[in-house]
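So the structure is just underneath, and the comments pick up after that.
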Amino acid sequence: MKSNKQFAVIGLGRFGTSVASALYNLGYEVLAIDADEERIQKFSEEVTHVVQADTTDENSLKALGIRNFDVVVVAIGEDIQANVLTTLLLKDLGVKYIVAKARNELHGKMLAKIGADRVVYPERDMGQRVAHNLVSTNVLEYIELSPVLSIVEITAPKALVGKSLAETNLRAKYEVNVVAIKRDEELIVPPLPDEKIKPGDILIFVGHTKGIQKLEELE
Ligand code: ATP
């Protein structure tokens with residue numbers, strides 16, 4: 001067991017099952033909760049414990065001892081009312097850290113208002129990543145930190161190969177910083193200004209979304 005951090009995941013749709021399995025495979029204790037008996041049975045071998053419960057019922061949540069979990073993930077998808085009500089009850093019961101899945105911006109705002117510690121938008125985020133990857137084949141990973149700030153992982157474009165970071169002048173041209181270079185098995189963090197970019201290097205940038213977009217267009 002990696003640490004004694006305990007996780008609970010509510011809602012075993014595609015997202016919930018993926019989060020729960022990943023945490024379990026990383027060595028953590030995971031309780032999976034769903035209202036649907038069939039889903040619970042199917043998933044019973046994949047995590048530490050499974051429980052059938054309706055999490056919009058305060059007494060069921062109390063009976064599960066949900067307060068004792070370090071992190072509770074609300075992965076109920078379609079039923080926004082159940083998703084919001086569950087989050088609200090978890091907050092009321094004093095759960096330390098609540099992660100809630102939102103379907104859209106308004107839903108996300110509501111979840112943040114009622115006290116979700118972290119709101120996630122899996123469909124939106126994955127859509128953005130796929131789009132950035134389609135626009136530029138160099139883009140390996142894209143994460144939006146805020147509407148104006150992103151992190152991106154790009155295979156070094158030919159236009160930059162052979163130059164040192166100082167020579168590329170990326171900060172002035174694109175308002176981005178190279179925070180790390182992946183070269184084979186090596187990770188260079190932080191790379192120094194005289195570090196020369198080699199073919200096949202993977203550059204990890206953080207910076208202004210607009211600048212990153214221009215950078216993605218480099219061949
Ligand atoms: P995904 O895209 O991740 O598959 P989804 O939008 O399809 O998500 P749903 O299937 O709507 O997600 O919800 C996920 C699970 O949440 C379902 O298995 C459903 O039974 C469960 N669920 C819905 N309401 C409740 C509730 N009140 N208490 C417990 N589980 C619930």
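Note that ligands are numbered from 1 as they come in the structure, with each ligand's atoms numbered from 1 the same way.
With sequence neighbours left out, the salt bridge (charged side-chain N to carboxylate O under 4.0 Å, His left out) criterion links Arg39 to no other residue. With sequence neighbours left out, Glu167 forms a salt bridge (charged side-chain N to carboxylate O under 4.0 Å, His left out) with no residue at all.
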List ligand 1's nitrogen or oxygen atoms that come under 3.5 Å of a protein nitrogen or oxygen, with the partner atom and distance.
unit_1	atom_1	unit_2	atom_2	d
ligand 1	2 (O)	Arg14	NH2	2.9
ligand 1	2 (O)	Lys101	NZ	3.4
ligand 1	3 (O)	Arg14	N	3.1
ligand 1	3 (O)	Phe15	N	2.7
ligand 1	3 (O)	Lys101	NZ	3.3
ligand 1	4 (O)	Arg14	N	2.6
ligand 1	4 (O)	Arg14	NE	3.0
ligand 1	6 (O)	Glu78	N	3.3
ligand 1	8 (O)	Lys101	NZ	3.4
ligand 1	10 (O)	Arg39	NH1	3.4
ligand 1	11 (O)	Glu78	N	2.8
ligand 1	12 (O)	Gly77	N	3.4
ligand 1	13 (O)	Gly77	N	3.4
ligand 1	18 (O)	Asp34	OD1	3.3
ligand 1	18 (O)	Asp34	OD2	2.6
ligand 1	18 (O)	Arg39	NH1	2.6
ligand 1	20 (O)	Asp34	OD1	2.6
ligand 1	27 (N)	Asp54	OD1	2.8
ligand 1	28 (N)	Thr55	N	3.1
ligand 1	28 (N)	Thr55	OG1	3.2
ligand 1	30 (N)	Ala35	N	3.1

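Cluster partners of Leu106: none. The rule joins Ile, Leu, Val, Met, Phe, Trp and Tyr whenever side-chain heavy atoms lie under 4.5 Å apart, and it links nothing here.
The 12-atom threshold is not exceeded at NZ of Lys109, counting heavy atoms of other residues, nucleotides or ligands nearer than 6.0 Å.
A salt bridge between Asp70 and Lys5 is absent, with no side-chain N of the basic residue lying under 4.0 Å from a carboxylate O of the acidic one. Between Lys182 and Glu153, at least one side-chain N (NZ, or NE/NH1/NH2) sits under 4.0 Å from a carboxylate O, which counts as a salt bridge.
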